[in-house]
Amino acid sequence: MPCAVDGEGEREIVGVATLEEAGPGEVSFLANAKYEKALQTTGAGAVIVSREQEIPSGMTVLRTADPYAAFTMIMVHVHGFRRHPEVGIDERAVIDRGAVIGEGASIQHGVTIRPGVRMGRGVVVYAGCYIAEDCRLGDDCVLYPNVVLYDGTILGDRVTIHAGSVIGEDGLGYAKVEGKWRKIPQIGIVEIGDDAEIGANCSIDRATLGRTVIGPGTKFSNLIAIGHGTKIGEDCMFVAQVGVAGSVTVGRHVTMAGKVGVAGHLTIGDNAQLAAMTGVMRDVPADTRVAGQPAIPFKAALRSFSLVERLPEIHKQIKRLESQVAALKKALEERE
Amino acid sequence: MPCAVDGEGEREIVGVATLEEAGPGEVSFLANAKYEKALQTTGAGAVIVSREQEIPSGMTVLRTADPYAAFTMIMVHVHGFRRHPEVGIDERAVIDRGAVIGEGASIQHGVTIRPGVRMGRGVVVYAGCYIAEDCRLGDDCVLYPNVVLYDGTILGDRVTIHAGSVIGEDGLGYAKVEGKWRKIPQIGIVEIGDDAEIGANCSIDRATLGRTVIGPGTKFSNLIAIGHGTKIGEDCMFVAQVGVAGSVTVGRHVTMAGKVGVAGHLTIGDNAQLAAMTGVMRDVPADTRVAGQPAIPFKAALRSFSLVERLPEIHKQIKRLESQVAALKKALEERE
Amino acid sequence: MPCAVDGEGEREIVGVATLEEAGPGEVSFLANAKYEKALQTTGAGAVIVSREQEIPSGMTVLRTADPYAAFTMIMVHVHGFRRHPEVGIDERAVIDRGAVIGEGASIQHGVTIRPGVRMGRGVVVYAGCYIAEDCRLGDDCVLYPNVVLYDGTILGDRVTIHAGSVIGEDGLGYAKVEGKWRKIPQIGIVEIGDDAEIGANCSIDRATLGRTVIGPGTKFSNLIAIGHGTKIGEDCMFVAQVGVAGSVTVGRHVTMAGKVGVAGHLTIGDNAQLAAMTGVMRDVPADTRVAGQPAIPFKAALRSFSLVERLPEIHKQIKRLESQVAALKKALEERE
């Protein structure tokens, strides 16, 4: 990524910090105009800014087209990612003899690995995880503590699942027979694609039949619920507490902000953007942005939101009109 | 359930699959009109359909009044339910000497069972579960990995709790004393009735005093929160991310769709149906269907939703009326 | 707290119970007018009521200005708080040699304590907890089963975390580079202040840089999600399923009712009260009460809610006006 330095290009940088907290040995960044004022007071040794950003005189900056992406690369370069404990295969893990574990794995104490499991190279499994029968994990997966994979779950390569998430539990599959809920065996599975990352305390239902799918490169925050048989495309981003019901088809590059809810059996097109708390009751076409409960196009939703706020005033307008019309009518009648 | 075969009644069926994925040895089903088109292209050996369903010529179908219930029975017959690992009582479980465990139990390594616990026959407890002091479990309960039962929790027979759920934690019980939150001891318990099934990563608060109750046959999806002292009736169905505050009384056969929220101290009548994302602020009478935030009768909510969408247009109507009325008034005045 | 007895002051009380369930040896309380009727039928030996409360004749009551606070104190006095298992340091816990654990700790089997961890006196850690590298816990903290603290988490004194909660997982920090989400190392931490209590199955993201902060005395219910870098003040109260996005600043004594959502980078002032299911898209000033999606002042929201319900009727009013205006216009024109 091309980057131009304004100021002292020789400064040594040993860390990255927020504008508020950075000192002279640290680089910071400005990617959200909301924090522009902090440029005036920051102690940062250097700041990554956009090409057009006005800066206080004397400040050393790195100018680039995408400050957030540049900041990301510097973070990776300077700090790198979390190093996982290298414990080999702890003898206090409870691993079935028939399970296949690739080279370089790190399996902590207290982990359960059941018959028929096959795992690639370099997999990291923290304490308290449970990997049920016939799961298949690709290379370099990371399961943080207390993750549970129900039987038959398939993870691609480099899948990361944060602590406490549950993958492949039975979905809400019951038929009502004589007033009682009769359970339907849930014989499908969950498949999560390469490079997906799932947050903490999520739950992804196995399919009743076939597969629930989370596409490659898709990123989930925490406390997200995905219903049985739902298929989510590549490179989506779901914020915390999103809930998608069963049998939904979600395209690629879809963004769902916090607490979005999607009803069952719908289709959400590629690149759709669902604002926070949106409640989706109908299909959402590709390349659209929606908001509201039920969801409507984003701009229309903003107009409706502001008119809902103004309803008391609108209601007064109507009452005023009614009395004016009544007065006119009376005036006209009197003139008969 | 009576069932009539149209076509080849001798076909051998070895599995069940979706219309999309079924092959000649598999039976599929059509219960949602939305998937009718898939009948044209399915490779299924047979399809369960309603009595009236039109079908492509030559297709073998089983006709029945309730295809979904018939599908359920075939699933149970052909595939059965998950078989749990039969490990007996693993010596690496940490079980208090005074705990009573019925015959045929399967208790995995790493499980904690504290003093005073009493469990019926055939109970299955997966790794990482914690069963605190004085819990009582009926026969044939299943606790998936990492379930936590706080002290005193009571489970009936055949209760299933999915991975990561927490039952009986302290509710949000504090009194404000001089600006600080003073904790109230939560000395009540949670009681879950026979045949209830609780999804993954749920949380059900113990009562402050007395009991929080989940009725027999009630089914929960995932990430559901139930407040202290709430009492839920029999055979209810709660979808993912439902939240019910404390001291609520919920009747029998109540359906709460995804993300429904119910405020404290309310009563929800038998057979009530709460649409997804409904926010309940007042009692809901029996046999009614509600939607919206705050909840109103379902049909009224649909009308209001569609009018909210049309608010910009309605607002224009009002402005037009205002200028028309002004013009009329002026015309009338000019004629004085 | 001053308290006056009406009736028999010598009664012996051995427990506390609800009005419905209390017997002659138990004290109950009336703090919510909704339950006033139960005074007529309660079998309680005594009831705590407000100074003005009318009571059935012959009932023994304790009159006080704040019955709920008085009830709290009696609960503490009569029942006390949960006693945790005193197991010392179980040899089946997996504790790094370099970790420092204060006197009087109770660490159950299966717990993981990684290098660099420092814990104060009297800390209780239930089975299945994972305390990652370099965490610091003050005195008398309690971690219920299966709590996970990611590396570097700081807890003050007397912090309680209920079962299944995850503190310090990576937030949703990615930059989009050529259509793919590139992960940003999350090098910040989470800090939780003295006397905070966190419910079950919550998730609190570590900061990207710097700290995510939960202030002293703040109380969380269950299934709450807090985004990276958010700072929450002292003595707040958050009800179940609240979600606060990243980089939010929340003041002191803030109440968020169930399912409230707050968008990123906002400021919520001291003493603000957010009604259940509020969706906050703009800053909320101190000492205000808001509701609605998006949030507006509480009273205005109530008016708007009731007008949304009446939209069908309002729409009819407008149509009637339109035909009246058209009729008037015609009448006027005919008279030209």
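These numbers were taken from a predicted model, which means no experiment stands behind them. Proteins get letters first, then strands, A, B, ... in listed order; numbering begins at 1 in each.
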By a 4.5 Å heavy-atom criterion (distance strictly below it), what part of [X] contacts chain A: side chain, backbone, both, or neither?
X        : result
B/Phe71  : side chain
B/Asn32  : side chain
B/Val78  : neither
B/His315 : side chain
B/Gln324 : neither
B/Cys202 : neither
B/Asn146 : side chain
B/Glu20  : neither

Can you say whether [X] sits under 4.5 Å from chain B via the side chain, the backbone, both, or neither, judging by heavy atoms?
X        : answer
A/Val244 : neither
A/Leu311 : side chain
A/Leu223 : both
A/Tyr150 : side chain
A/Ile296 : side chain
A/Val111 : backbone
A/Cys129 : neither
A/Ala263 : neither

How close do [X] and [Y] get, heavy atom to heavy atom, and via which atoms?
X        : Y        : result
B/Asn222 : A/Asp205 : ND2-OD1, 2.8 Å
A/Ser304 : B/Val308 : OG-O, 2.9 Å
B/Ala163 : A/Val166 : O-CG2, 3.6 Å
A/Gly261 : B/Met277 : N-CE, 3.4 Å
A/Leu332 : B/Leu332 : CD1-CD1, 3.3 Å

Gap between atom [atom2] of [Y] and atom [atom1] of [X] - 0.5 Å precision:
X        : Y        : atom1 : atom2 : result
A/Leu328 : B/Leu328 : CG    : CG    : 6.0 Å
B/Lys219 : A/Trp181 : NZ    : CH2   : 10.0 Å
A/Ile184 : B/Phe81  : CD1   : CZ    : 9.0 Å
A/Glu133 : B/His84  : CD    : NE2   : 10.5 Å
A/Lys183 : B/Glu197 : NZ    : CD    : 3.5 Å
B/Asn201 : A/Ser165 : CG    : OG    : 7.0 Å

Query raised in the report: For B/His253 and A/Lys176, what are the C-alpha separation, side-chain angles and deciding distance, and is it a side-chain contact (heavy atoms from CB on, under 4.5 Å)?
Result: CA-CA 11 Å; B/His253 294 281; A/Lys176 204 164 206 169; 3.4 Å; yes

Heavy atoms only, distances under 4.5 angstrom: which of [options] has the most pairs with chain A? Name it, please.
options                                : result
B/Met237, B/Glu234, B/Arg92, B/Glu21   : B/Met237
B/Ala22, B/Ala240, B/Pro145            : B/Pro145
B/Gly217, B/Gly128, B/Ser221, B/Ala291 : B/Ser221

Requested in this report: Taking B/Lys34 for its side chain and A/His265 for its backbone only, find out whether a donor-acceptor pair lies under 3.5 Å.
Outcome: yes

Requested in this report: Return the option, out of A/Arg310, A/Arg182, A/Gln293, A/Met281, with the maximum number of heavy-atom pairs under 4.5 Å with chain B.
Outcome: A/Gln293

Report summary line: Highest number of heavy-atom pairs under 4.5 Å with chain B among A/Ala300, A/Ala327, A/Ser306, A/Pro294 belongs to A/Pro294

**Report entry** Atom NZ of A/Lys180 with >12 non-hydrogen neighbours under 6.0 angstrom
**Finding:** yes

**Report entry** Atom CZ of A/Arg114 with >12 non-hydrogen neighbours under 6.0 angstrom
**Finding:** yes

Query raised in the report: Does the distance from a Lys or Arg side-chain N to an Asp or Glu carboxylate O, for B/Glu309 and A/Arg282, drop under 4.0 Å?
Result: yes

Query raised in the report: Salt bridge between B/Arg82 and A/Asp170, side-chain N to carboxylate O under 4.0 Å?
Result: yes

Query raised in the report: Side chains of B/Gln241 and A/Gln241: is there a donor and an acceptor less than 3.5 Å apart?
Result: no

Query raised in the report: Once the angle between the rings of B/Tyr126 and A/Tyr130 is folded into 0 to 90°, is it parallel (under 30°), tilted (30 to 60°) or perpendicular (over 60°)?
Result: perpendicular

Query raised in the report: Do B/Tyr144 and A/Glu169 come close enough that some side-chain heavy atom pair is under 4.5 Å?
Result: no

Query - pair B/Ile318-A/Ile314: side-chain heavy atoms closer than 4.5 Å - result: yes

Requested in this report: Report the C-alpha distance between A/Leu209 and B/Met75 in whole Å, list the side-chain angles of each, state the deciding distance to 0.1 Å, and finish with yes or no for side-chain contact (heavy atoms from CB on, under 4.5 Å).
Outcome: CA-CA 10 Å; A/Leu209 300 166; B/Met75 284 285 280; 3.8 Å; yes

